[in-house]
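What you see below is based on every heavy atom in this structure, not just the backbone, and it leaves out hydrogens, waters and symmetry mates. Fair warning: this is a prediction, and the values are worked out from it, not measured in the lab. We number each residue from 1, following the sequence as shown.
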Amino acid sequence: MAYIQGEVRGQHALFPSTLDELIPADHVCRVIEAFVGKLDMERLGFVRAEPAQTGRPGYDPRDLLKLYLYGYLHQVRSSRRLEAECRRNVEVMWLLGRLEPDYKSIAEFRRMHREAVSKAGAELVGLARQVGLVKGEWVAIDGSKFRAVSSEQTVREREAVKRYLDQIETADEQDEVVIDPAAVAAALEQLKRDPEPEARLMLMERRAVPADNVQTAVDAEHGIIIAQQVTREPADNRSLLPMAEAAKQALGSPGTLNVVADAGYSNGEQAAQCEAQGIVPHLPANRAINNQADGKLFDRSLFVYDEKTDTFCCPGQQTLHRKQLSRKDRCVVYGADAQVCGDCELKDWCTTKSRRLITRHLHEDTLTRMNRRATRAIMRLRRCTVERPFSLLKWVIFGHPRFLLRGLAGAQVETSLATTAYNLKTMISAMGATKLIAALA
């Protein structure tokens, strides 16, 4: 039995196919074409958005942006691989009109347009709002670590030198400590020789590696990422306010915005600032409660706070006054005199020390309200909203959670391209390519 035979390579076709006939009407390339064609490239800050009058013509930034969006949608992020796709991929040939830019031009475009690419992603979020895919009622915030392009040994050595200099500075305040000037000079010289590391050591895959912390704010309606930012903060507790403000700015709505996050974002000061701006945080309060002796003594809940007098009343009906303020821990310490505690009949059930001290967070009321709002249903909404986008970013868009470009700026432009590609993919899934193309027209 004969096999199905293909065409003879040297045979001429009477009616040759055009590139446009090879791309279906609902193909993702047509969505990319419609989106980029709608952008005001000059206003967004793209170089050569208008062709120059003299000199050698350059590539249209629209073409290179389309190439990068296609690449990130198909796990092709390297400029050399994108150059190869221009020569062999029919879809890319259609998208760029058979242009074949070299890898240096492709890489230079990404380096030069870090802010412009981010603004283009914000334009897509605005378009998603116009077509009703972003409601702006509930936004979930979360962060995840991505491996950075940096030498682990270099980062460790530099951090060790910084810790040594910090110890020297602390020890300098003590007169009896002898400091070796040669050691200090050597440490300073090493910091001067080594450039600033591209990343910080963060816990990833159960070990500390050079990484960046990618923060996202995701709309709960269809899981569209409305704001993103790359930070060097290993923890998330300083990112609640910046991400909430970025989400509110992206939505452009003066109304109330509900923000949900996990306990890692617990920050009383930032939560209070959110409430002042009409942003309502819903997350568990993560605060230390100074119970003693593993619960064998009086629980802190038995100490009643009086807001009018700014004092606590203990189970022995004694008054605990404010003793000190710890701005580092963001709390106030309350206690009674040692003699009062020593004479108390309930001392053996209260503390094993000379007196019992109670701490209260500076923004205790805000944390209490925030914690009360974090119901099981809200936490379930958070998981359903924000965890899926990171899974797709890492394993569908990136292919592996690792950046290709060095430095914070390089990681930021990669994240901007990846989130824009993710949002395009999500919008196609929600509306369908044909309807989305019509909406972008």
Side-chain angles (χ1 to χ4, degrees), residues 138 141 235-245 248 254-379:
W138 287 89
I141 297 175
D236 297 329
N237 58 353
R238 296 183 182 179
S239 299
L240 175 63
L241 180 62
M243 292 308 300
E245 289 178 337
K248 193 173 180 65
T256 301
L257 174 64
N258 293 288
V259 172
V260 57
D262 59 26
Y265 288 84
S266 178
N267 186 314
E269 182 180 6
Q270 291 195 0
Q273 294 182 46
C274 285
E275 291 181 345
Q277 299 180 35
I279 303 171
V280 183
H282 303 250
L283 58 145
N286 187 12
R287 52 192 172 188
I289 302 299
N290 57 339
N291 288 329
Q292 299 183 7
D294 299 327
K296 297 178 182 180
L297 303 177
F298 285 148
D299 188 83
R300 182 186 184 279
S301 60
L302 298 177
F303 293 76
V304 181
Y305 178 71
D306 187 348
E307 185 176 359
K308 294 182 179 180
T309 60
D310 190 23
T311 59
F312 276 92
C313 181
C314 74
Q317 301 304 311
Q318 299 295 331
T319 302
L320 281 65
H321 298 276
R322 177 184 288 210
K323 295 297 182 183
Q324 62 186 30
L325 173 64
S326 176
R327 295 196 177 275
K328 179 180 179 182
D329 299 326
R330 299 291 179 183
C331 64
V332 183
V333 180
Y334 297 82
D337 295 336
Q339 183 177 356
V340 174
C341 285
D343 297 338
C344 182
E345 297 179 354
L346 302 178
K347 182 178 183 297
D348 293 339
W349 290 274
C350 187
T351 182
T352 57
K353 300 179 180 179
S354 61
R355 61 177 176 175
R356 178 72 179 265
L357 297 177
I358 296 293
T359 60
R360 186 177 189 273
H361 199 278
L362 286 171
H363 300 278
E364 182 73 21
D365 295 336
T366 302
L367 291 173
T368 301
R369 291 192 300 270
M370 182 181 72
N371 188 73
R372 190 182 299 118
R373 290 190 290 259
T375 62
R376 284 188 176 183
I378 297 300
M379 291 296 100

For this session: Output the distance between atom CD (Glu269) and atom CG (Asn237), rounded to the nearest 0.5 Å.
Result: 11.5 Å

Exercise. So do the side chains of Glu307 and Asp365 get within less than 4.5 Å of each other, counting heavy atoms only?
Worked result: yes

Exercise. Side-chain contact, heavy-atom cut-off 4.5 Å: Pro315 with Phe303?
Worked result: yes

Problem set entry | Test item: Asp236 side-chain N/O and Gly264 main-chain N/O as donor-acceptor pair under 3.5 Å | no

Seminar exercise, completed: Those residues at least two apart in sequence (or on a different chain) that pass salt bridge (Lys or Arg N to Asp or Glu O under 4.0 Å) with Asp337 are Lys323

For this session: Please answer whether the main-chain N or O of Thr359 pairs with a side-chain N or O of Arg300 as donor and acceptor at a distance below 3.5 Å.
Result: yes

Seminar exercise, completed: Shortest non-hydrogen pair, Thr366 vs Gly268, comes out as CG2-O, 4.0 Å

Exercise. Is the His282 ring parallel, tilted or perpendicular to the Trp138 ring (thresholds 30°, 60°)?
Worked result: tilted

Exercise. Do Asp306 and Cys313 have side chains that get closer than 4.5 Å, going by heavy atoms?
Worked result: no

Exercise. Sub-3.5 Å donor-acceptor pair from the side chain of Lys248 to the main-chain atoms of Gly255, do we have one?
Worked result: yes

Exercise. Would you say the side chain of Asn258 lies within less than 4.5 Å of the side chain of Ile378, judging by non-hydrogen atoms?
Worked result: no

Exercise. Any donor and acceptor pair, going by atom type alone, linking the side chain of Gln270 with main-chain N or O of Arg238 inside 3.5 Å?
Worked result: yes

For this session: Any chance you could lay out the side chain to side chain contact (heavy atoms under 4.5 Å, CB included) test for Tyr265 and Val259, step after step, and finish with the verdict?
Result: CA-CA 11 Å; Tyr265 288 84; Val259 172; over 6 Å; no

Exercise. Are any of the side-chain heavy atoms of Val260 and Met379 separated by less than 4.5 Å?
Worked result: yes

Exercise. Got a second to check how far Cys344's SG is from Gln317's CD, nearest 0.5 Å?
Worked result: 10.0 Å

Exercise. Is any side-chain heavy atom of Leu362 closer than 4.5 Å to a side-chain heavy atom of Leu325?
Worked result: yes

Exercise. Are any non-hydrogen side-chain atoms of Ile279 and Leu241 less than 4.5 angstrom apart?
Worked result: no

Exercise. Do you know the tightest heavy-atom contact between Ala261 and Pro284?
Worked result: O-CD, 3.8 Å

Exercise. Do the side chains of Leu367 and Ser266 get nearer than 4.5 Å, heavy atoms only?
Worked result: yes

For this session: Work out which heavy atom in Leu240 is nearest to a heavy atom in Asn267; give both atom names and the distance.
Result: CD2-O, 4.5 Å

Exercise. Once you round to the nearest 0.5 Å, how far does OG1 of Thr352 lie from NZ of Lys347?
Worked result: 7.5 Å

Exercise. Taking the side chain from Arg360 and the backbone from Phe312, do they hold a donor-acceptor pair closer than 3.5 Å?
Worked result: no

For this session: Decide yes or no on side chain to side chain contact (heavy atoms under 4.5 Å, CB included) for Ser239 and Ile141, but give the supporting numbers first.
Result: CA-CA 9 Å; Ser239 299; Ile141 297 175; 5.9 Å; no

Exercise. Any idea which heavy atoms bring Arg356 and Ile358 closest together, and the distance?
Worked result: NE-CD1, 3.8 Å

